[in-house]
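Input: a single structure, listed below in structure tokens.
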Amino acid sequence: MAQSVLLTGAAGRVGEAILEGLADDHEWRLLDRDPPTEDYPGEFVVADITEEETVREAMDGIDVVLHLAGDPRKTAPWDSVLTNNIDGTQTVFEAAVDAGVEKVAFASSNHAVGHYETEERTPDMYRADDDYLLDGTELPRPGNLYGVSKVAGESLGRYYHDEYGISVVNVRIGNLTRGHPPIDYERGQAMWLSYRDCAHLFDRCIRADYEYEIVYGISDNDRKYYSIQRAKEALGYEPRDNSAEHD
Ligand SMILES: NC(=O)C1=CN([C@@H]2O[C@H](COP(=O)(O)OP(=O)(O)OC[C@H]3O[C@@H](n4cnc5c(N)ncnc54)[C@H](O)[C@@H]3O)[C@@H](O)[C@H]2O)C=CC1
Ligand SMILES: O=C1O[C@H](COP(=O)(O)O)[C@@H](O)[C@H](O)[C@H]1O
């Protein structure tokens, strides 16, 4: 069944992948501080996610929020992640709960666990014959301040779920690229997320029933150090791509 979905950060790359795959499948309200540069489905709200009143208005009639808006740079400075990623995410959750939204899918990141990639483990853990695997039950171990902001977003989701019952899924996205995996970059190949698997994964976030989840958002790569088992079990994720098929 089609759902009424608010997509924040709609003008970005992940938003592009989602809309390419799902434009006709749901009723869309798109939000971004940048105006659209291409055709888009539904309506488009040009706003900053830290503008509380506008975010509240954008929640009206919404079933599911896909919250992507934020500073995606792994080198992002603290003032930017504090404003855009932490304060903005709190504004989105607060407005979602008050509006009676059923589910929020939060774009978390591999960088929430970046410091598991120790000198001793790398580069072996990026290779298919290594069995090191993170499954989402491990404690966060952010690799930079951007990663800290993603852990904060996951924690905000935990609080809003436990306090108000809203369903929350945190998708620790790997490395999204169009068409083929990153070239000459073993780490990026191990955490590749194709455009069509990205759209399918967020479709499952919209449609599946869950309480509070942390899943890894990568394709079914032969080389992987993130498990996709929880995404399969909790969401019904069935990826079709594999970075090893692009060598
Ligand atoms: N692209 C990737 O491989 C990965 C992306 N992510 C996360 O996914 C989300 C989307 O990332 P991308 O699409 O790659 O980044 P992007 O930079 O292409 O898109 C982000 C969008 O959010 C908007 N935005 C940023 N701050 C905003 C604010 N305060 N108010 C309203 N809009 C705002 C920007 O205008 C931009 O259109 C981010 O939260 C990022 O951290 C996580 C892991 C990997
Ligand atoms: O969280 C993110 O991760 C991806 C992949 O990380 P990288 O260390 O391989 O660059 C990155 O491309 C994206 O911009 C970022 O938001």
Side-chain angles (χ1 to χ4, degrees), residues 6-20 29-38 40 44-52 54-55 58 65-77 79-92 95 104-117 122-123 126 142-154 156-157 169-178 181-195 197-199 201-202 205 214-219 221 223 225-226 243:
L6 174 65
L7 178 67
T8 75
R13 292 167 297 164
V14 179
E16 176 185 65
I18 290 171
L19 293 173
E20 267 186 26
R29 184 174 296 148
L30 313 179
L31 185 150
D32 202 292
R33 64 184 175 193
D34 288 345
T37 54
E38 296 183 1
Y40 57 87
F44 200 108
V45 179
V46 178
D48 196 292
I49 51 164
T50 58
E51 293 165 14
E52 187 182 332
T54 317
V55 172
V65 176
L66 303 184
H67 176 42
L68 313 178
D71 190 332
R73 295 171 298 164
K74 57 190 173 189
T75 56
D79 60 347
S80 178
V81 296
L82 187 59
T83 302
N84 297 299
N85 299 12
I86 301 179
D87 194 26
T89 296
Q90 193 272 338
T91 302
V92 167
V104 175
F106 171 63
S108 186
S109 170
N110 61 88
H111 289 283
V113 288
H115 268 320
Y116 281 100
E117 297 171 44
T122 57
Y126 305 143
N144 41 48
L145 293 175
Y146 161 72
V148 171
S149 77
K150 291 300 175 181
V151 175
E154 294 181 359
L156 282 164
V169 57
N170 303 287
V171 182
R172 289 180 177 165
I173 302 171
N175 192 319
L176 177 81
T177 56
R178 182 198 282 282
I183 294 166
D184 293 335
Y185 182 28
E186 281 187 317
R187 178 175 179 272
Q189 290 161 0
M191 63 164 84
W192 184 48
L193 178 63
S194 71
Y195 262 48
D197 285 343
C198 179
L201 176 55
F202 279 95
C205 293
I214 295 174
V215 302
Y216 285 100
I218 65 170
S219 289
N221 309 315
R223 308 182 180 100
Y225 55 97
Y226 299 136
S243 59

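All ligand and atom numbering here is 1-based and tracks the order in the structure. The chain is numbered in sequence order, starting from 1.
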(message) How far is atom 14 (O) of ligand 2 from the closest protein heavy atom, and which atom is that?
(response) Arg13 NH2, 3.3 Å

(request) Could you pull out the closest heavy-atom pair between Thr54 and Ala47, with the gap in Å? (result) CG2-CB, 3.5 Å

(request) Give a yes/no verdict on whether any heavy atom in Gly147 is under 4.0 Å from an atom of ligand 2. (result) no

(message) With a heavy-atom distance limit of 4.0 Å, tell me whether Val14 approaches ligand 1 through its side chain, its backbone, both, or neither.
(response) both

(message) If I take atom CZ from residue Arg178 and atom CZ from residue Arg13, how far apart are they, to the nearest 0.5 angstrom?
(response) 12.0 Å

(request) May I ask you to identify the nearest protein heavy atom to atom 21 (C) of ligand 1, giving residue, atom name and distance to one decimal place in Å? (result) Asp32 OD2, 3.6 Å

(message) Judged on heavy-atom distance to atom 9 (C) of ligand 1, which of Asp34, Val81, Leu68 sits nearest?
(response) Leu68

(request) Check each of Ser109, Ala11, Gly70 against atom 24 (N) of ligand 1 and report the one with the nearest heavy atom. (result) Gly70

(message) Taking 4.0 Å as the limit for heavy-atom contacts, which would you say applies to Asn110 with ligand 2: side chain only, backbone only, both, or neither?
(response) side chain

(request) Specify the closest pair of heavy atoms between Leu176 and Ser194, including all atoms of both residues, with the distance to one decimal. (result) CD1-O, 3.8 Å

(message) Can you tell me which portion of Arg172 lies within the under-4.0 Å heavy-atom range of ligand 2? Options are side chain, backbone, both, or neither.
(response) neither

(request) Using a strict cut-off of 4.0 Å, indicate which atoms of ligand 1 neighbour a heavy atom of Gly174. (result) 3 (O), 43 (C), 44 (C)

(message) Working to the nearest 0.5 angstrom, can you tell me the gap between Ile214 CD1 and Phe106 CZ?
(response) 10.5 Å

(request) Report yes or no: do Ser108 and Asn170 form a side-chain donor-acceptor pair below 3.5 Å? (result) no

(message) Please list the nearest protein heavy atom to atom 16 (P) of ligand 1 with its residue and the distance rounded to 0.1 Å.
(response) Gly12 CA, 3.9 Å

(request) Could you pull out the closest heavy-atom pair between Thr89 and Gly153, with the gap in Å? (result) CG2-CA, 4.2 Å

(message) So is Arg73 touching ligand 2 or not, going by heavy atoms under 4.0 Å?
(response) no

(request) May I ask you to list the atoms of ligand 2 that are less than 4.0 angstrom from any heavy atom of Arg187? (result) 7 (P), 8 (O), 9 (O)

(message) Give me the nearest non-hydrogen protein atom to atom 4 (C) of ligand 2 as residue plus atom name, then the distance to 0.1 Å.
(response) Gly174 O, 3.5 Å

(request) Go through the steps to decide whether Arg73 and Asn144 satisfy the test side chain to side chain donor-acceptor pair (under 3.5 Å), and finish with yes or no. (result) CA-CA 10 Å; Arg73 295 171 298 164; Asn144 41 48; over 6 Å; no

(request) Decide yes or no for Phe44 and Leu7: does some side-chain heavy atom of the first lie under 4.5 Å from some side-chain heavy atom of the second? (result) no

(message) Quick test: of every protein heavy atom, which one is nearest to atom 29 (N) of ligand 1, and how far off is it to 0.1 Å?
(response) Asn84 OD1, 2.9 Å

(request) Just need the protein heavy atom nearest to atom 42 (C) of ligand 1, so name the residue and atom and give the distance. (result) Ser108 O, 3.2 Å

(request) Name the closest protein heavy atom to atom 26 (N) of ligand 1, giving the residue it belongs to and the distance to 0.1 Å. (result) Arg33 CZ, 3.4 Å

(request) List every atom of ligand 1 that sits less than 4.0 Å from any heavy atom of Asp48, numbering the atoms from 1 in the order shown and giving each element. (result) 28 (C), 29 (N), 30 (N), 31 (C)

(request) Number the atoms of ligand 2 from 1 as they appear, then name those within less than 4.0 Å of a heavy atom of Lys74, with their elements. (result) 7 (P), 8 (O), 10 (O)

(request) Quick one: look up the protein heavy atom nearest atom 6 (N) of ligand 1 and list residue, atom name and how far away it is. (result) Tyr146 OH, 3.8 Å

(message) Using the side-chain contact (heavy atoms from CB on, under 4.5 Å) definition, which of the options Leu31, Leu6, Val55 pairs with Val65?
(response) Leu6

(request) Find all atoms of ligand 1 within a distance of less than 4.0 Å from any non-hydrogen atom belonging to Pro72, and give their numbers and elements. (result) 15 (O), 17 (O), 40 (C), 41 (O)

(request) Looking only at protein heavy atoms, identify the closest one to atom 3 (O) of ligand 1 and say how far it is in Å. (result) Leu176 N, 3.0 Å

(message) Students often mix this up, so state it plainly: with edges at 30° and 60°, are the rings of His111 and Tyr146 parallel, tilted or perpendicular?
(response) perpendicular

(message) Quick check: Gly15 and ligand 1, any N/O pair under 3.5 Å apart?
(response) no

(request) State, yes or no, whether a side-chain contact exists between Thr177 and Tyr195 at a heavy-atom distance under 4.5 Å. (result) no

(request) Provide, to 0.1 Å, the distance between atom 6 (O) of ligand 2 and the closest protein heavy atom, together with that atom's residue and name. (result) His111 NE2, 3.1 Å

(message) Can you name the atoms of ligand 2, numbered from 1 with element, that are less than 4.0 Å from a heavy atom of Ser109?
(response) 1 (O), 2 (C)

(message) Distance check, rounded to the nearest 0.5 Å: Cys198 atom SG versus Leu193 atom CG?
(response) 4.5 Å

(message) side chain to side chain donor-acceptor pair (under 3.5 Å), that's the test. Do Thr50 and Asp48 meet it? Break it down for me.
(response) CA-CA 5 Å; Thr50 58; Asp48 196 292; 2.7 Å; yes

(message) So, regarding Pro72 and ligand 2 (criterion: nitrogen or oxygen to nitrogen or oxygen, under 3.5 Å), is there a contact or not?
(response) yes

(message) If we only consider heavy atoms of Lys150, is any one of them less than 4.0 Å away from an atom in ligand 1?
(response) yes

(request) Measure from atom 11 (C) of ligand 2 to the protein's non-hydrogen atoms and state whether any distance is below 4.0 Å. (result) no

(request) Taking all heavy atoms of Ala10 and all of Leu30, pick out the closest pair and write down the distance. (result) CB-CB, 3.6 Å

(message) Tell me whether Asp71 has any N or O atom under 3.5 angstrom from an N or O of ligand 1.
(response) no

(message) For atom 31 (C) of ligand 1, which of the options Ala107, Ala47, Gly9, Ala10 provides the nearest non-hydrogen atom?
(response) Ala47

(message) Quick check on contacts: which atoms of ligand 1 are under 4.0 angstrom from a heavy atom of Asn175?
(response) 3 (O)

(request) Could you tell me the residue and atom name of the protein heavy atom closest to atom 9 (O) of ligand 2, and the distance to it rounded to 0.1 Å? (result) Tyr185 OH, 2.5 Å

(request) Give, for atom CG of Asn221 and atom OH of Tyr126, the distance between the pair rounded to the nearest 0.5 Å. (result) 14.5 Å

(message) Is the contact between Lys150 and ligand 2 made by the side chain, the backbone, both, or neither, using heavy atoms and a 4.0 Å cut-off?
(response) neither

(request) Apply side chain to side chain donor-acceptor pair (under 3.5 Å) to the pair Asn84 and Ser80, showing each step before the final yes or no. (result) CA-CA 6 Å; Asn84 297 299; Ser80 178; 3.1 Å; yes

(message) I need the Ile218 CD1 to Ser243 OG distance, nearest 0.5 Å.
(response) 8.0 Å

(request) Kindly give the heavy-atom pair with the smallest separation between Cys205 and Val171, and that separation in Å. (result) SG-CG2, 3.8 Å

(request) Quick one: look up the protein heavy atom nearest atom 18 (O) of ligand 1 and list residue, atom name and how far away it is. (result) Arg13 N, 3.0 Å

(message) Once you restrict to heavy atoms under 4.0 Å, what part of Glu16 touches ligand 1? Side chain, backbone, both or neither.
(response) neither

(request) Determine the sole option in His67, Arg29, Arg33 for which the side-chain hydrogen bond (donor to acceptor under 3.5 Å, both in side chains) test with Thr8 is passed. (result) His67

